[in-house]
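Taking it in order: structure first as structure tokens, then the write-up.
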Amino acid sequence: MYPLNRNRRLRVNETLRGLIRETVITPNDFLVPLFVIEGQNKKEEIQSMPNYFKMSIDVLLKEVEALYSLGLKSVLLFAQVDEKLKDNYGSEAINKDGLMQRAIKSIKDKFPSLLVMSDVALDPYSSNGHDGVVENGLIVNDITNDILSKMSLTHIEAGADFVAPSDMMDGRVKAIRTLFEKEGYHNAGIMSYSAKYASCFYGPFRDALDSKPGFGDKKTYQMDIGNRNEAMNEVKLDIQEGADIVMIKPGISYLDIIRDIKNNFNIPISAYQVSGEYAMIKSAAKNGWINEDQAILETSIAFKRAGANFIASYFAKDVVKLIS
Ligand code: PBG
């Protein structure tokens, strides 16, 4: 009770604040999303994600080396697929010599100890820009699961450590896990996007991969933004189906969900600070309206404080430079 207790006593200087700080971030807390494109010596800035680039495999290898030397040892790969290769079934997704599969192999050949995760969803491969096969204007669940599990297998065969299904079909974790077991890949990891909301914050990402839905929206598979209990249900099922890590996405608007999961389950949690959040911080900072470095650190710490074990973040490199 005041004046016997004065909370400000613990805030008098940085040393004391550092001593009692409950949440800290280190390079171990970050997963770096990377966009791969076809070609040689290509590095293209994503227009709505200033200072973030898509890279051909040769350039990507140099980038990975730079990340590794900063202590960033986990990456999450996304591939931009040629428009000509897209169809309703996302057939290119299961091509063993596809861009994603080649990227995984090249990275693992050169950096075997780097942790490689790969995105699994049909949208970058779909002529409809949806995460699943379309029939009569509907996204069909079970046929999609079959393709997603085959796609996942090609990633693991190429050397990926983890697949990261981001599609939100029901039962896809089970389908993928069952195929991995059948093929003897007992240590292949699954990081499931368990609670992925139908959010407006994925806009810049869809620009980057040219993967906007061709019709409608993603609300019949991604979660309703108003729901909280439903996220618990999604996580429970994904754990039962064999997920190793669950992801919450987006980001900073869903910290309550991260905390709920932390309090209710014993499973590692990842959070995704998505493209729209990156774009918001970048554009406000460019106008001088917020301090970019502080915004990056503050939001990163917030994810960990909420209960995330690690964060997929386009700011990973910036954070590491800021904290070193
Ligand atoms: C693909 C996928 C998306 C993101 C990750 N995987 C887009 C979407 O679901 O529409 C978004 C990532 C970001 O915005 O940074 N299913």
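We count ligands from 1, going down the list as the structure has it; atoms in each ligand are counted the same way. Just so you know, residue 1 is the first one in the sequence shown, and it goes up from there. All of these numbers come straight from a predicted model, not from anything done at the bench.
- Ligand-side atoms of ligand 1 in range of Gln222: 8 (C), 9 (O), range being under 4.0 angstrom from any heavy atom.
- Counting heavy atoms under 4.0 Å from ligand 1, residue Ala121 touches it through the side chain alone.
- When only modelled atom types and interatomic distance are considered, Glu38 and Ser56 share no side-chain donor-acceptor pair under 3.5 Å.
- The atoms of ligand 1 that sit less than 4.0 Å from any heavy atom of Tyr272 are 12 (C), 15 (O).
- Proximity to Arg206 (heavy-atom distance under 4.0 Å) selects the following atoms of ligand 1: 8 (C), 10 (O).
- Considering backbone and side-chain N/O atoms, Tyr193 never comes within less than 3.5 Å of an N/O atom of ligand 1.
- Looking from atom 3 (C) of ligand 1 to the surrounding protein, the closest heavy atom is Phe205 CE2, 3.3 Å.
- Between the side chains of Thr154 and Gln101, a donor-acceptor pair is found at a separation under 3.5 Å.
- For the side chain to side chain donor-acceptor pair (under 3.5 Å) test with Asp167, the passing option among Gln222, Arg172, Lys196 is Arg172; the others fail.
- Of the protein's non-hydrogen atoms, Ser275 OG, 2.7 Å is the one closest to atom 14 (O) of ligand 1.
- Residue Asp167 has no N or O atom closer than 3.5 Å to an N or O atom of ligand 1.
- The protein non-hydrogen atom at the shortest distance from atom 2 (C) of ligand 1 is Lys196 NZ, 3.4 Å.
- Classification of the Tyr272-Phe78 ring pair by plane angle, with boundaries at 30° and 60°, yields tilted.
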- Apply ring pair (Phe, Tyr, Trp, His ring centres under 6.0 Å) to the pair Phe310 and Phe30, showing each step before the final yes or no. CA-CA 6 Å; Phe310 64 95; Phe30 290 89; 9.5 Å; no
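- A donor and an acceptor atom, one from each side chain of Asn233 and Glu230, are nowhere located under 3.5 Å apart.
- With hydrogens left out, the protein atom closest to atom 15 (O) of ligand 1 is Tyr314 OH, 2.5 Å, a heavy atom.
- Protein heavy atom closest to atom 1 (C) of ligand 1, with residue, atom name and distance, is Asp123 OD2, 3.0 Å.
- Residue-level proximity to ligand 1 for Val274 is carried by backbone and side chain together, each with a heavy atom below 4.0 angstrom.
- Annotation: atom 5 (C) of ligand 1 to nearest protein heavy atom, Lys249 NZ, 2.5 Å.
- Remark: ligand 1 atoms within the under-4.0 Å shell around heavy atoms of Ser166 are 1 (C), 2 (C), 6 (N), 16 (N).
- Nearest to atom 8 (C) of ligand 1 among the protein's heavy atoms is Lys218 NZ, 3.3 Å.
- Between the side chains of Tyr278 and Ser313, no donor-acceptor pair is found at a separation under 3.5 Å.
- For Ser127 and Asn88, the side-chain atoms include no donor-acceptor pair closer than 3.5 Å.
- Few gaps surround NZ on Lys212; more than 12 heavy atoms of other groups in view lie less than 6.0 Å from it.
- Residue contact check: Asp131 has heavy atoms under 4.0 Å from atoms 16 (N) of ligand 1.
- Taking Tyr2 as the reference, nothing meets the ring pair (Phe, Tyr, Trp, His ring centres under 6.0 Å) condition, with sequence neighbours excluded.
- A donor-acceptor contact under 3.5 angstrom links the side chains of Arg259 and Asn263, judged on distance only.
- Using a 4.0 Å heavy-atom cutoff, Phe78 is listed among the residues neighbouring ligand 1.
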